[in-house]
Amino acid sequence: MSIKLVAIDLDGTLLNDNKQLTEENIAAINAASKMGVNIVLCTGRPITGIQRYLAQLELQNEKEYAITYNGGLAQTINGEILIKHTLSFQDYLDAEAFSRQVGVHFHVDGKNHIYTANKNISQYTVGESFLVEMGLRYRSVEEMNPDLEMPKVMFIDDPKVLSKARDQIFNRFQDEFSVVQSEPYFIELMPKTVSKGNAVKELAERLHLSLDQVMAIGDQGNDLSMIKTAGIGVAMENGIDEVKKNAQFITANNNESGVAKAIRKFVINK
């Protein structure tokens with residue numbers, strides 16, 4: 001069956017190491033979009049963190065979609081929420097307390113801001129604020145709004161610090177939550193049902209597409225579920241070994257427009 005939906009990870013996949021779109025990737029995505037293929041950016045970022053790239057891509061379909069927060073939300077690029085899974089305030093309290101126990105910085109993504117109870121704010125939290133274009137707010141645990149919608153929380157720190165606590169974090173939370181490490185400096189905690197793969201599946205069902213009509217492209221652990229879910233799973237050459245092992249095809253790396261090469265092979269030239 002022909003591919004009708006292409007789910008594409010952002011960092012390390014669609015973007016090069018300078019966090020930029022290559023002209024080759026833009027051209028291939030535009031060509032596929034003009035053929036009526038849905039191009040769905042799938043990212044751990046909120047929608048604010050991908051707006052600049054959506055504008056550069058100038059997607060042609062009447063209604064386009066994005067999967068954000070690693071599958072916590074699926075929405076139109078205009079902001080209409082189609083799928084939403086969030087953590088409870090008790091989830092936040094448990095995870096925040098555990099971060100202090102293991103000595104790792106911690107923050108939570110709200111709808112409009114990133115919140116941290118760490119007085120000595122991690123440089124990685126500051127960097128994440130700039131990357132996703134969301135304001136940063138210091139709030140003690142007692143000051144946090146219990147009604148705040150939280151698609152995910154993040155253990156975020158220097159890779160050497162985080163690696164020492166990694167097993168403890170996974171062992172503590174993986175039975176009750178979806179836990180993924182998508183960068184060396186952060187581990188994300190989300191509701192158990194949340195993954196890019198589940199969101200891609202739910203979105204395909206809404207669009208009356210079979211999974212055989214879906215291609216997914218990614219490089220990291222948080223992309224593994226959609227690589228396994230899609231009819232065609234494509235790993236980046238720069239991807240981790242587990243993603244490569246579960247993919248049907250390995251394309252070029254993110255600095256060599258690997259996304260464009262996969263789209264041309266399986267969508268445009270097919």
Side-chain angles (χ1 to χ4, degrees), residues 1-68 70-71 73-79 82 131-133 196-197 199-200 203-204 206-207 209 211-220 222-223 226-227 229-239 243 247-270:
M1 298 181 72
S2 59
I3 297 297
K4 297 296 183 183
L5 188 156
V6 181
I8 311 172
D9 171 54
L10 203 63
D11 298 290
T13 299
L14 182 59
L15 303 181
N16 62 22
D17 288 348
N18 294 320
K19 303 297 184 184
Q20 296 173 336
L21 292 165
T22 66
E23 291 300 323
E24 190 177 350
N25 279 346
I26 292 173
I29 284 174
N30 283 342
S33 183
K34 287 176 181 177
M35 294 169 62
V37 176
N38 281 110
I39 303 297
V40 182
L41 300 191
C42 299
T43 177
R45 301 186 189 197
I47 193 73
T48 56
I50 66 173
Q51 292 287 11
R52 69 171 74 178
Y53 305 115
L54 291 169
Q56 291 177 54
L57 290 170
E58 297 181 340
L59 299 175
Q60 301 297 312
N61 287 348
E62 181 179 344
K63 207 169 193 179
E64 292 289 355
Y65 308 91
I67 290 171
T68 55
N70 281 323
L73 295 181
Q75 58 199 113
T76 67
I77 61 176
N78 295 323
L82 304 177
L131 181 69
V132 303
E133 300 184 33
K196 288 186 179 182
V200 166
L203 182 57
R206 282 177 171 265
L207 297 177
L209 299 176
L211 292 176
D212 287 340
Q213 295 173 293
V214 176
M215 178 169 75
I217 313 173
D219 71 309
Q220 291 293 321
N222 60 330
D223 302 317
M226 69 175 184
I227 295 291
T229 295
I232 298 176
V234 177
M236 303 298 292
E237 191 278 329
N238 54 287
V243 169
Q248 284 80 47
F249 180 72
I250 299 175
T251 189
N253 68 48
N254 63 314
N255 293 315
E256 297 175 341
S257 302
V259 166
K261 292 174 172 60
I263 289 175
R264 286 200 299 269
K265 178 176 177 65
F266 293 104
V267 180
I268 298 172
N269 296 334
K270 190 76 171 180

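Remember, it's a predicted structure, so these values are computed and weren't measured experimentally.
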The salt bridge (Lys or Arg N to Asp or Glu O under 4.0 Å) partners of Lys4 (sequence neighbours excluded) come to none

Practice problem: Return the set of residues passing salt bridge (Lys or Arg N to Asp or Glu O under 4.0 Å) with Arg206 (not counting sequence neighbours), or none when no residue passes. | Solution: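 None.
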
If you take all heavy atoms of [X] and [Y], which pair is closest and at what distance?
X: Ala199; Y: Gly71; value: CB-CA, 3.7 Å
X: Ala260; Y: Asn25; value: N-OD1, 2.9 Å
X: Met226; Y: Ala216; value: O-CB, 3.4 Å
X: Glu58; Y: Asn30; value: O-OD1, 3.9 Å
X: Ala32; Y: Ile263; value: CB-CG2, 4.0 Å
X: Gly218; Y: Ile227; value: N-CD1, 3.8 Å

Any chance you could lay out the side-chain contact (heavy atoms from CB on, under 4.5 Å) test for Leu57 and Ile26, step after step, and finish with the verdict? CA-CA 6 Å; Leu57 290 170; Ile26 292 173; 4.1 Å; yes

First locate atom [atom1] of [X], then atom [atom2] of [Y], and finally report the distance between them rounded to the nearest 0.5 Å.
X: Asn254; Y: Lys19; atom1: CG; atom2: NZ; value: 8.5 Å
X: Asp219; Y: Thr251; atom1: CG; atom2: OG1; value: 12.0 Å
X: Ser33; Y: Asn38; atom1: OG; atom2: CG; value: 8.0 Å
X: Met236; Y: Asn253; atom1: CE; atom2: CG; value: 6.5 Å
X: Leu82; Y: Ile67; atom1: CG; atom2: CD1; value: 9.5 Å
X: Thr13; Y: Asn238; atom1: OG1; atom2: CG; value: 6.5 Å

Next on the checklist: Check whether Asn269 reaches the backbone of Arg264 with its side chain - one donor and one acceptor, N or O, closer than 3.5 Å.
Outcome noted: yes

Does Asn255 offer a backbone N or O that forms a donor-acceptor pair with the side chain of Asp17 under 3.5 Å?
no

Any pair with a residue in residues 37-53 that passes salt bridge (charged side-chain N to carboxylate O under 4.0 Å, His left out), sequence neighbours left out, goes on the list, sorted by first then second residue, please.
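Qualifying pairs: Asp11-Arg45, Arg52-Glu133.
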
Would you check if [X] and [Y] make a side-chain contact, meaning some heavy-atom pair closer than 4.5 Å?
X: Val200; Y: Val40; result: no
X: Lys196; Y: Thr229; result: no
X: Leu5; Y: Tyr65; result: no

- side chain to side chain contact (heavy atoms under 4.5 Å, CB included) partners for Gln220, two or more places apart: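 Partners of Gln220 by the side chain to side chain contact (heavy atoms under 4.5 Å, CB included) criterion, ordered by chain and then number, come out as Asn222, Asp223, Ile240.
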
The side chain to side chain contact (heavy atoms under 4.5 Å, CB included) partners of Asn18 (sequence neighbours excluded) come to Asn16, Gln20

- Show your reasoning for whether side-chain contact (heavy atoms from CB on, under 4.5 Å) applies to Glu24 and Glu256. CA-CA 9 Å; Glu24 190 177 350; Glu256 297 175 341; over 6 Å; no

Phe266 meets the ring-ring contact (aromatic ring centres under 6.0 Å, His included) criterion, sequence neighbours left out, with Phe249

